Amino acid sequence: MDVTLHLAQDPDADELLGRSPLAALVGMLLDQQVPMEWAFKGPRTIADRLGATDLDAHDIAARDPEAFAALLSEKPAVHRYPGSMAKRVQQLCQYLVEHYDGDPTGIWEGVGTGRELLGRLEELPGFGKQKAQIFLALLGKQLGVHPKGWREAAGAYGEARSFRSVADITGPESLAKVRAHKQEMKAAAKAAKASGSGGGK
């Protein structure tokens, strides 16, 4: 895997995401309750603090949990909730060590269908269906992973020329479009909630 991603909007962080499957997975894991760029910058920050050029699932999985949490909590913190996210990153790495010998590419290499790949992604700690579908769309749209039926398995996130998620971000312009889409979704959800609460039964 060696592509150019633009998810962190930071050259060093994006360079790592483009060549490291584990960094891309960890960035996706961190992408909740913080701005997307902050989340995807996280893997580079973690690697730098470990004194490494890449993330290593075996190394992270074996680290002392308190020490690893402290590493993510150093200012600037890797996430708004660095302690709980440190635990999740370690759980993800431990799962990868146990099931894929620490190599994330084992999740998608040789997989037959998009549905099968989605199932494998959903089994990862910290990955619900939506996060799994978005990462599947990222694999298909930007990382050259195309099992049969991958677009269908990724749902709306797999649609061509859509701007729904990180899978569609290739630079500042598409980032703005995805951000606008997310704001529209939030506004629609808020409006639906407001109209629903005014009803009777």
Side-chain angles (χ1 to χ4, degrees), residues 1-57 59-60 68-93 96 103-105 107-108 121 124-128 130-145 154 157-158 162-183 185-186:
M1 190 167 113
D2 194 7
V3 297
T4 303
L5 293 178
H6 299 279
L7 305 179
Q9 303 289 302
D10 172 282
D12 289 339
D14 281 327
E15 185 275 330
L16 177 61
L17 294 170
R19 68 176 161 83
S20 168
L22 181 56
L25 264 183
V26 169
M28 191 76 233
L29 180 69
L30 295 172
D31 187 20
Q32 54 190 325
Q33 299 172 299
V34 294
M36 184 202 75
E37 300 96 313
W38 184 3
F40 281 95
K41 201 171 179 177
R44 184 68 195 218
T45 305
I46 295 169
D48 288 347
R49 289 179 187 175
L50 290 171
T53 56
D54 195 357
L55 299 182
D56 182 305
D59 176 46
I60 292 172
F68 189 65
L71 192 89
L72 270 66
S73 302
E74 281 175 30
K75 295 207 175 340
V78 167
H79 194 274
R80 182 176 291 153
Y81 304 107
S84 61
M85 293 315 289
K87 189 176 176 183
R88 287 191 178 190
V89 170
Q90 281 199 293
Q91 286 170 341
L92 173 64
C93 289
L96 291 171
D103 181 4
T105 60
I107 300 168
W108 52 84
L121 289 167
L124 297 174
F127 276 65
Q130 185 184 41
K131 198 178 278 287
Q133 285 188 314
I134 292 171
F135 195 77
L136 173 54
L138 178 66
L139 286 170
K141 289 180 175 183
Q142 299 202 47
L143 301 175
V145 177
Y157 301 109
S162 65
F163 294 95
R164 284 191 171 86
S165 72
V166 300
D168 305 303
I169 294 169
T170 53
E173 192 182 322
S174 48
L175 171 62
K177 287 182 182 177
V178 169
R179 194 151 273 156
H181 173 78
K182 286 188 174 182
Q183 283 166 350
M185 292 289 103
K186 268 187 188 164

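Bear in mind the structure is a predicted one, so any value in this text is a computation, not a measurement.
Remark: Q91 CD to M85 CE distance equals 10.0 Å, nearest 0.5 Å. Between atom CD1 of residue I46 and atom CG of residue L71 there is a gap of 7.5 Å, rounded to the nearest 0.5 Å. Once rounded to the nearest 0.5 Å, the distance linking CG of L22 with SG of C93 reads 5.0 Å. Expressed to the nearest 0.5 Å, how far CD of Q9 lies from CG of L175 amounts to 5.0 Å. The structure places CE of M28 at 10.0 Å from CE of M36, a figure rounded to the nearest 0.5 Å.
The main-chain N or O of D12 is found under 3.5 Å from a side-chain atom of R44 such that the two form a donor-acceptor pair. When atom types are taken as modelled, the side chain of H79 and the backbone of A86 share no donor-acceptor pair closer than 3.5 angstrom. Side-chain atoms of R88 never come within 3.5 Å of backbone atoms of L29 as a donor-acceptor pair (strictly under, hydrogens ignored). Between the side chain of Q142 and the backbone N or O of G18, no donor-acceptor pair lies under 3.5 Å.
Listed here is the closest heavy atom pair of E37 and A8: CB-O, 3.5 Å. The shortest heavy-atom contact between D31 and V166 is OD2-CG1, 3.6 Å. Nearest heavy-atom pair across E15 and R19 is OE2-NE, 2.6 Å. The minimum heavy-atom distance between I169 and H6, with the atom names listed, is CG2-O, 3.5 Å. Nearest heavy atoms, A23 versus P43: O-CG, 3.2 Å. Taking both residues in full, the closest heavy atoms of V34 and A39 are given as CG2-CB, 3.9 Å, listed atom of the first, atom of the second, then distance.
Residue-environment remark: NZ (K131) exceeds the threshold of 12 foreign heavy atoms within 6.0 Å. Remark: K141 NZ is packed, more than 12 non-hydrogen atoms of other residues, nucleotides or ligands lying under 6.0 Å away. Within 6.0 Å of atom CD in E74, more than 12 heavy atoms from other residues, nucleotides or ligands are found, so the atom counts as buried in its surroundings.
You'll find the side chain of I60 reaches within 4.5 Å of the side chain of F68, heavy atoms only. Looking at heavy atoms from C-beta onward, L124 lies in side-chain contact with I107 at the 4.5 angstrom threshold. The shortest distance between side-chain heavy atoms of D168 and H181 does not fall below 4.5 Å. Residues R80 and W38 are in side-chain contact: their nearest non-hydrogen atoms beyond the backbone lie under 4.5 Å apart. Looking only at side-chain heavy atoms (C-beta outward), S20 and L16 come within less than 4.5 Å of each other. Contact annotation: the side chain of P125 never approaches that of K87 to less than 4.5 Å [non-hydrogen atoms, C-beta and beyond]. In this structure, F40 and L30 have side chains that are not in contact, with every pair of non-hydrogen atoms separated by 4.5 Å or more.
Ring pair W108/F135 is tilted by interplanar angle, where 30° to 60° counts as tilted.
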Dump the intermediate steps for side chain to side chain contact (heavy atoms under 4.5 Å, CB included) on L25 and L96, then the final yes or no.
CA-CA 11 Å; L25 264 183; L96 291 171; 4.2 Å; yes
